[in-house]
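Structure, as structure tokens:
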Amino acid sequence: MAKVKQDKLRARLPRGFVDRSAADIRATDAMVARIRQVYERYGFDPVETPAFEYTDCLGKFLPDTDRPNAGVFSVQDDDEQWMSLRYDLTAPLARHVAENINEIQLPYRTYRAGWVFRNEKPGPGRFRQFMQFDADTVGAAGVQADAEMCMMMADTMEALGIARGDYVIRVNNRKVLDGVMEAIGLGGDENAERRLTVLRAIDKLDKFGPEGVALLLGEGRKDESGDFTKGAGLNSDAIEKVITLLDVGNISEEVIKEHPAAQARRAQGGMAGSEYEAHRADLVFGGYSRLLYSSSTGLSGQAELRTIWDLVKAAGYGDGRIRIDPSVVRGLEYYTGPVYEAELLFDVTNEKGEVVQFGSVGGGGRYDGLIKRFTGRDVPATGFSIGVSRLMTALKNLGKLGDEDVLAPVLVTVMDGDTGALGRYQQMTQTLRAAGIRAEMYQGNWKKFGNQLKYADRRGCPLAIIQGSDERAAGEIQIKDLIEGKRLSGEITDNVTWRESRPAQVTAREADLVETVRAMLAAQAEDRRAAKGN
RNA sequence: GCAGACGUAGCUCAGUUGGUUAGAGCGUCGGAUUGUGGCUCCGAAGGUCGGUGGUUCGAAUCCACCCGUCUGUACCA
């Protein structure tokens, strides 16, 4: 016997994957619906591509194509072609557009939600399968398309219940970063590797602060466990320039208020939030100018940012919802111009009650070269991605989700298991369903009646319908209010009394089934509202 | 990938310097109560002590390797 047990299969979930509960699925559906509503209102249309793509279509633009299974899940098809599970929704869109370029009317405004897969180390809140919700404009070269993306991200945050001031869309431009690297002598193909190291170091600003970034730009940095990360090896002059750039966006309130234009404005009676932001932007652009005067690439990046800023300001988004920020880096490979990301500004606590650094919940940018790989012709595009799973974790801990719990069904209990009686119970159940009330007939072993109520209780059923032969003969039913009954249970300690008093149970005419159930459910809903109010 | 910590029942954890049959609480199931949830009481099931190999008369305990989890770090399209 023991041997049989040894051979027993162990049920186990693959590392980094999760099963989703009813509550999770409902919360995700609700979130996706709200995001979709925003995208639709902006005039975007849905498209869907499969989870698998040929590996070369996903990864040709990557420098590390020689490692087909690093980071992605790949398999070989019957014909020995490599296929991979998609790791984002942008590369598949590029493939779709390129393949259908003659049928698609450009500019193509499109959105899609879907699961993506990454073969990397999972952590808390980090999975190997997660959902993204993307929007892209393909075939629009002007930065007005990028400005619109930023505004749409802001609207999406608010549609999800994140208050204005609790999030910010930070915008930068890869050309500005490239300009600074030119200025410190890292231009040219021979320095590509070091440029990448510098970008990675900059990306760590929110994690390690300016001091940590400076170490990574120089010799390197040692972490808590004593592990050493080799740095970019820049000299102190170059490090200072990069740190200065990152610091350009870090302007204190006092400095902004000392701005000459701001002082004049204040003399006339105060400064609105949008004016404060405008002065802040002026100071940021001034800082860019001082650092980038020698780089034409950098200056054109700055000009693009200026245009984006003017556009979002004109549309009323210049009140702190969207900010120019020199420390935004984003995806290291294919972005060519403006990059943007959405960041939450409130504290997020995990299951243990610890405050965690949440970072960005979505981001994107302009990728003018991605589709050209397939078509050979210029097809500029810009778009962004929202990490649905990640954002949901944040919202769940905030209590912004899970409010709209679905009510468990009314349980029609079974007192008598012969076919005739079962038919009558089934018919009652259908009558409730036809009236739009969620209901089910007990499907377990009917002979243990106590178990039926126990089942109803644990399932969270609001009501139980009971009809034994006595009630049947009288044309009646018993309706038990399980919520009220649970409340009363606190006052009864003796089991015999508890059973015989049949707490919170009413008798009704069978003909009044729907009417009585409706009234009792309405009363419970009213109680819940009242309780929430307190 | 690198560095560190940790793996005992479904869950949370005890387990003495290496010593007989590895325990508790919670949960699960059954009964007290075949037409009434909760409480209470009684009873039961549930463990290759993460795996493999080694040291030893003897290993949950010591050693090596592997697997897994967690933390930091790298990578993250």
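In what follows, chains are A, B, ... by sequence order, proteins preceding strands, each numbered from 1. Keep in mind it's a predicted model, so treat the numbers as computed, not measured.
Side-chain atoms of Glu476(A) and Thr507(A) include no donor-acceptor pair closer than 3.5 Å. Under the 3.5 Å distance criterion, with hydrogens and angles disregarded, a donor-acceptor pair is assigned to the side chains of Thr28(A) and Arg20(A). There is a side-chain donor-acceptor pair under 3.5 Å between Ser84(A) and Thr55(A).
At the heavy-atom level, Thr493(A) lies under 4.0 Å from base atoms of the strands shown. When heavy atoms are screened at a 4.0 angstrom cut-off, Lys454(A) is found touching the sugar-phosphate backbone but no base atom. Within 4.0 Å (heavy atoms only), Lys448(A) reaches sugar-phosphate atoms of the nucleic acid but no base atom. Phe208(A) comes within 4.0 angstrom of the backbone, heavy atoms only, and of no base. Looking at heavy-atom distances under 4.0 Å, Gly485(A) makes contact with a base. The residue Lys230(A) sits apart from the nucleic acid: no heavy atom pair falls under 4.0 Å. Glu500(A) comes within 4.0 angstrom of nothing in the nucleic acid, heavy atoms only.
The side chain of Lys222(A) contributes no N or O atom lying less than 4.0 Å from OP1 or OP2 of rA3(B). Checking the phosphate oxygens (OP1, OP2) of rU36(B), a side-chain nitrogen or oxygen of Arg499(A) falls inside 4.0 Å. Residue Trp498(A) has no polar side-chain atom (N or O) positioned under 4.0 Å from OP1 or OP2 of rU36(B).
In this structure, Tyr39(A) has its ring center under 6.0 Å from that of Phe133(A). In summary, the aromatic rings of Tyr455(A) and Tyr442(A) are positioned with their centroids under 6.0 Å apart.
A salt bridge links Glu440(A) with Arg459(A): the distance from a Lys NZ or Arg NE/NH1/NH2 to an Asp or Glu carboxylate oxygen falls below 4.0 Å. One finds no salt bridge joining Asp416(A) and Arg472(A) here, because no Lys/Arg side-chain nitrogen approaches an Asp/Glu carboxylate oxygen to under 4.0 Å. Between Glu120(A) and Arg126(A) there is a salt bridge, since a side-chain N of the basic residue sits under 4.0 Å from a carboxylate O of the acidic one.
Across the C1' atoms, rU56(B) and rC62(B) are found 10 Å apart, a figure rounded to whole Å. If you take atom C1' in rC75(B) and the same atom in rA5(B), they sit 23 Å apart, rounded to whole Å. Spacing of C1' atoms, rG10(B) relative to rC29(B), comes out at 13 Å, to the nearest Å. A distance of about 15 Å separates the C1' atoms of rU52(B) and rG68(B), rounded to the whole Å. One C1' atom belongs to rU61(B), the other to rG7(B), and the distance between them is 14 Å to the nearest Å. Rounded to a whole angstrom, the distance from the P atom of rA14(B) to that of rG72(B) is 23 Å. Rounded to whole Å, the P atom of rA44(B) lies 14 Å from the corresponding atom of rG23(B). rA45(B) and rG51(B) have their C1' atoms separated by 26 Å, given to the nearest Å.
Taking the six-membered ring where tryptophan is involved, the planes of Phe17(A) and Phe73(A) are tilted, since the angle between them lies from 30° to 60°.
We find that CG of Leu411(A) is positioned 16 Å from P of rU36(B), with the value rounded to whole Å. When rounded to the nearest whole Å, the span between CD of Glu120(A) and P of rC2(B) equals 17 Å. Rounded to whole Å, the distance from CG on Leu482(A) to P on rU36(B) is 15 Å. Going from atom CZ of Phe127(A) over to atom P of rU69(B) covers 13 Å, rounded to whole Å. For Phe449(A) and rG35(B), the CZ to P distance is 8 Å, given to the nearest whole Å. A straight line from CZ of Arg200(A) to C1' of rA77(B) spans 11 Å, rounded to a whole angstrom. Between Arg458(A) atom CZ and rU28(B) atom C1' the separation is 9 Å, expressed in whole Å. The interatomic distance linking Gln452(A) (CD) with rG35(B) (P) rounds to 9 Å, in whole Å.
Between Asp378(A) and Asp368(A), the closest side-chain pair of non-hydrogen atoms is not below 4.5 Å.
For Lys447(A) and Ser489(A), each mapped to the nucleotide of RNA chain B holding its nearest heavy atom, the one lying further toward the 5' end belongs to Lys447(A). Closest-nucleotide positions on RNA chain B for Asn451(A) and Lys486(A) were compared, and the one nearer the 5' end corresponds to Asn451(A).
Both the sub-6.0 Å distance and the 45° axial angle are not jointly satisfied by Arg170(A) relative to the ring of Tyr340(A).
Aromatic stacking is not marked for Tyr334(A) over rA77(B), as the cut-offs of 5.5 Å for the centres and 30° for the planes do not both hold.
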field: Working for side chain to side chain contact (heavy atoms under 4.5 Å, CB included), residues Glu515(A) and Arg518(A)
entry: CA-CA 5 Å; Glu515(A) 197 181 313; Arg518(A) 270 212 182 109; 5.9 Å; no

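Checking side-chain atoms of Thr497(A) against main-chain N and O of Thr493(A) turns up no donor-acceptor pair under 3.5 Å. Remark: the backbone N or O of Arg377(A) is paired with a side-chain donor or acceptor of Thr375(A) at under 3.5 angstrom.
On a pure distance criterion of 3.5 Å, a polar donor-acceptor pair joins the side chain of Arg126(A) and the base of rC76(B). Judged by distance alone, with hydrogens and angles left aside, Glu471(A) brings a side-chain donor or acceptor within reach of the base of rG35(B), the pair sitting under 3.5 Å. One donor-acceptor pair, N or O on each side, does fall under 3.5 Å between the base of rU36(B) and the side chain of Lys480(A).
Tyr108(A) approaches Val97(A) most closely through the heavy-atom pair CD2-CG2, 4.0 Å.
Using a 4.0 Å cut-off on heavy atoms, the residues of residues 413-433 of chain A that approach RNA chain B are Met415(A), listed by number.
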Anything under 3.5 Å between a protein N or O and an N or O of nucleotides 65-68 of chain B, put it in a table, one pair a line.
none

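Consecutive pairing runs in RNA chain B reach the stem threshold at B:1-7 with B:67-73, B:10-13 with B:23-26, B:28-32 with B:40-44, B:50-54 with B:62-66, where a stem means at least three Watson-Crick or G-U wobble pairs with distances under 3.5 Å.
Distances were taken from every side-chain heavy atom of Gln505(A) (C-beta onward) to each of rG1(B), rG35(B), rU36(B); the shortest belongs to rU36(B).
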